[in-house]
There are 4 protein chains.
Amino acid sequence: MQQSIALFVDKGYSATSIQDIVDALGVTKGSFYYHYKSKEALLMDIHRQYIEELLARQQSILQDAAPAKEKLSEIVRLLIGDMEKQGPIANVYFRELRHLKEENAKAIRARRAEFREQIESVLIAGIKSGEFRRELNPKMIAFAVLGVTNWSYQWFQPGGELSTGELAELYTDFILHGIMPTQK
Amino acid sequence: MQQSIALFVDKGYSATSIQDIVDALGVTKGSFYYHYKSKEALLMDIHRQYIEELLARQQSILQDAAPAKEKLSEIVRLLIGDMEKQGPIANVYFRELRHLKEENAKAIRARRAEFREQIESVLIAGIKSGEFRRELNPKMIAFAVLGVTNWSYQWFQPGGELSTGELAELYTDFILHGIMPTQK
Amino acid sequence: MQQSIALFVDKGYSATSIQDIVDALGVTKGSFYYHYKSKEALLMDIHRQYIEELLARQQSILQDAAPAKEKLSEIVRLLIGDMEKQGPIANVYFRELRHLKEENAKAIRARRAEFREQIESVLIAGIKSGEFRRELNPKMIAFAVLGVTNWSYQWFQPGGELSTGELAELYTDFILHGIMPTQK
Amino acid sequence: MQQSIALFVDKGYSATSIQDIVDALGVTKGSFYYHYKSKEALLMDIHRQYIEELLARQQSILQDAAPAKEKLSEIVRLLIGDMEKQGPIANVYFRELRHLKEENAKAIRARRAEFREQIESVLIAGIKSGEFRRELNPKMIAFAVLGVTNWSYQWFQPGGELSTGELAELYTDFILHGIMPTQK
DNA sequence: GATGAATGAGCCTTCATTCAT
DNA sequence: GATGAATGAAGGCTCATTCAT
C-alpha cells in the first residue's frame, strides 16, 4: 500500500500499472493478485483506511468538553498535521475517488460527508453559543474550511518556509477571524 | 475540446481513450490526429486556454483603481463565477496537470504561479493601505483564498441550494472577515 | 475465420490464444481486435455461419416434392458430405458451444433445434404416408440420425477406406432399414 | 475427481482452473498437487478409469453364450444406462481427449479402439450366423452404433420424457432393424 | 497431508499512434 | 479533412506449478 500510494501520487492511479507497483517492491504480479483481488480493491483499501482513521481522530476531538473554537482549531490541526504523518495518502484520497466502482465510491463519499457534517455540527454549536457569527451558512463554511486545508496538499512542501504546525496556526487564525463576531 | 473535457472530467485523462473522444463526436481516430499532434497536445491546449483566459480577466480586474478589498472580491467572484461559465474545464485543470510532459507542465505551473502572485500582490497592497491585518502571511493567505474557491469545484452543484453568485458573496464575506482588522 | 477454425479444431477454443491465431496469419493482435470485438465474437460468427448455411440447404431439400425416404437420405448426405466441403468447422460447432455467452448460446441452440425438428417433421410425414414404421418415436429417431452422422466427425478421415459419398450411402441404408416397415 | 468432472463438464477442461476445483472442495492448491502431479494427470485418471470400467463390463457381456443380437443389445444398454450411473464423466471423456499429452492420448485412443473392435467382432459373428445382413460394413456400423448412443450424452436429460431404460429399448430396436435381414 | 505465498508465463484486451488512400 | 486498417507496446488479470513450513 505504501509503495502504491507513492506511485499513485506521482503518476496518478490510471497511469500507474500493477507492473510499476510490483517492480518497486521487487515482487511479481502474481503475488500482487494473491493479496489484492484487483487494482481497484487496492485503491479502495487506501481510501477506506484513510477516511476511517480521520473519522476516528475527529471523533476523539469531538468528545472533549471544549468550546467550539477549540474543537475547530483541533480539526484544522488534524487535517494539516496529517500531511506530515500520513503523507501523500491524502493526495490519492482527493484525486482518485472516481476510479472506484460506483458502489465503492458511494461508501467512501458517505463517510466523507460524515466528516464534513461533524465540522458543520461544531460550527452550529459555536453559533448557538455565540462564539461564531449568527449569519454564517454552516454548510458552506464547512466546505470552506475543508478547502483551505485540503488545498494545502496541492502545494505544501515539507521542509519549505513553514512547518505544518506553523501553517496550522496561520490557518486556524485566518478561519477563526473569518467566522468569529467582530469585537466591540 | 469540449467533448474531451467532458470525458476527462468524468473518467480522468488517462482513463479516457482517443477512441472515447472520437466516438463521442462521431468521427474517426485518424481525424483526431489530423487536428492534434497527440493526446497530450490536446490536454495542453485545454490547460493553456483556461489559464490564459483567467489571467486576462484577472489583469482587467487589477487595472481598476479600486481598493484592495474590492479587487480581492472581484477575483473571488471571477473564480467562483467560472464554475458556471467555463464549467467543468477547471476540473481537468486541477487534476490532470501531471499528465503533461515536464516541459509543458512547467509552463503551465509558471502561469498558475503568476495568478497566485497577483492575488498576493493585492493582499500586500491591502496590508500596506491598512485594509488588511498587518500580521498576515500574504503567500499563505493567497493559497487559502485559492483553496476556498477551487475546492468548490469538487462539490458545487449548479442548481443546488445556492447560486454561484450567492456562494461568491458568502465566501467573499468569509475571506474578508478573515483578513480585515478587528474593528474598534 | 478459416485459420481460427483450424486452430480451434486442433487445440480447442480455450487453449487457442489470439496470439496463435494472428501468428498463423502473420498479422498482429491489435489487428484482430479491429475486426472482431472479442474472441467470443469470432466463435459466435463461426457458429452462426455454419448453422445458417446448414439450415438453408436443409430448407431447399424440404421444398422438393419427394417422398420422405428421399428427403431423409438427402439430409444424411448433406450432413456427411459436409465433412469434405465445410471441413473441420463442424468440429468446432459441436464442441465449443459452451464457450459462448449464455445469450449467444441460446440463439445457436434454438437454430440447432430447428434443424432437428425439420428432421422430425420428415419422419412424421413418412410415418403418416406409411413409408416408415408406425411405432417410431420421431424425436428420438431424429436424435439417432444426428448421432450417426455427427459422430462421423470424430473419427472420419478423408482419404481413408471410404469416401464421404460411400459413407453416406452406407448410413442412409442403415437408417432406412432401421425405420422402414418389415417387408412381407 | 468427482468435483473436477462436474466442472469440466460445465466449463470445459481448459476453462476450469485448479483454483476452481479446490475452491469447490474447500481445500487449497498446494493440496491438489499433493495428490496429483498435474492438471493433465487428473484428466488422464478420469479417462483411464472410465474406459477401463467400460471395457470390463463389455468383457463380461461378451463372455455370455448368447446370440449376437442379444450381446449387441446389452452393449447398447451398457452405454446408455451409463448416463445415469456414471453420469457426466462420459461428457469429459468425449470432449477432452485432446488435452492429454500425445503419449497419454495414444493410450486412451487404443483402449477406445478396443471397445469399438469388440462391437465389430459381435457384428461379424452376427453376420456369420446369419443374424445380421451379409452386406454390412461392420466397422462403419460399429461407428454408427457408437454415434447413436454417445450422441445421447449431448442432449439426454435425466427426468425428461424418457428414462434411460426406455431410450435403450428404443435404440436397440432401431439398430437391430437397421442391421437384421428383411424378414420374408 | 495441508497451507500460504510466490513465480513466470501467458491471456484477452486496449491504447496511442501511423499511414496509404 | 477524413477514413479504415494496422501496429507494437502495455495493461489488468489468471494460471499451473513450486516450495518452505
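Proteins get letters first, then strands, A, B, ... in listed order; numbering begins at 1 in each. The figures that follow rest on heavy atoms only: side chains count, while hydrogens, waters and symmetry mates do not.
- Distance, C:I21 CD1 to E:dT13 P: 11 Å, rounded to whole Å.
- Distance check, rounded to the nearest 0.5 Å: CE of A:M83 to CD1 of A:I89 gives 14.5 Å.
- We find that OH of C:Y34 is positioned 11 Å from P of F:dT3, with the value rounded to whole Å.
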Taking protein heavy atoms under 4.0 Å as touching, what does nucleotides 15-21 of chain E look like 5' to 3' if B marks base contact, S marks sugar-phosphate-only contact and - marks none?
SBBBB--
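- The OG atom of A:S4 lies 4.0 Å from the CG atom of A:L42; values are rounded to the nearest 0.5 Å.
- One can place CG of A:L42 at 11 Å from P of F:dC13, the figure rounded to the nearest angstrom.
- With a 3.5 Å limit on both pairing distances and Watson-Crick or G-U wobble geometry required, the stems of 3 or more pairs in DNA chain F span E:2-21 with F:2-21.
- When all heavy atoms of D:W155 and D:W151 are compared, the closest pair comes out as CD1-O, 3.2 Å.
- By the 6.0 Å and 45° rule, B:K39 stacks over the aromatic ring of B:Y13.
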So C:N91 and C:F8, side chain to side chain contact (heavy atoms under 4.5 Å, CB included) or not? Walk me through it.
CA-CA 9 Å; C:N91 238 292; C:F8 289 166; over 6 Å; no
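- A close approach under 4.0 Å does not occur between any side-chain nitrogen or oxygen of C:H35 and OP1 or OP2 of F:dG4.
- When every heavy atom of B:H99 is checked against every heavy atom of A:A15, the shortest pair comes out as NE2-CB, 4.0 Å.
- What separates CG of B:L25 from P of F:dT3 is a distance of 11 Å, to the nearest Å.
- Under the 30°/60° scheme for interplanar angles, the aromatic rings of B:Y93 and B:H47 are found to be tilted.
- Rounded to whole Å, the distance from OH on A:Y36 to P on F:dT14 is 16 Å.
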Derivation of the salt bridge (charged side-chain N to carboxylate O under 4.0 Å, His left out) call for A:R57 and A:E53
CA-CA 6 Å; A:R57 287 161 70 195; A:E53 202 202 309; 3.1 Å; yes
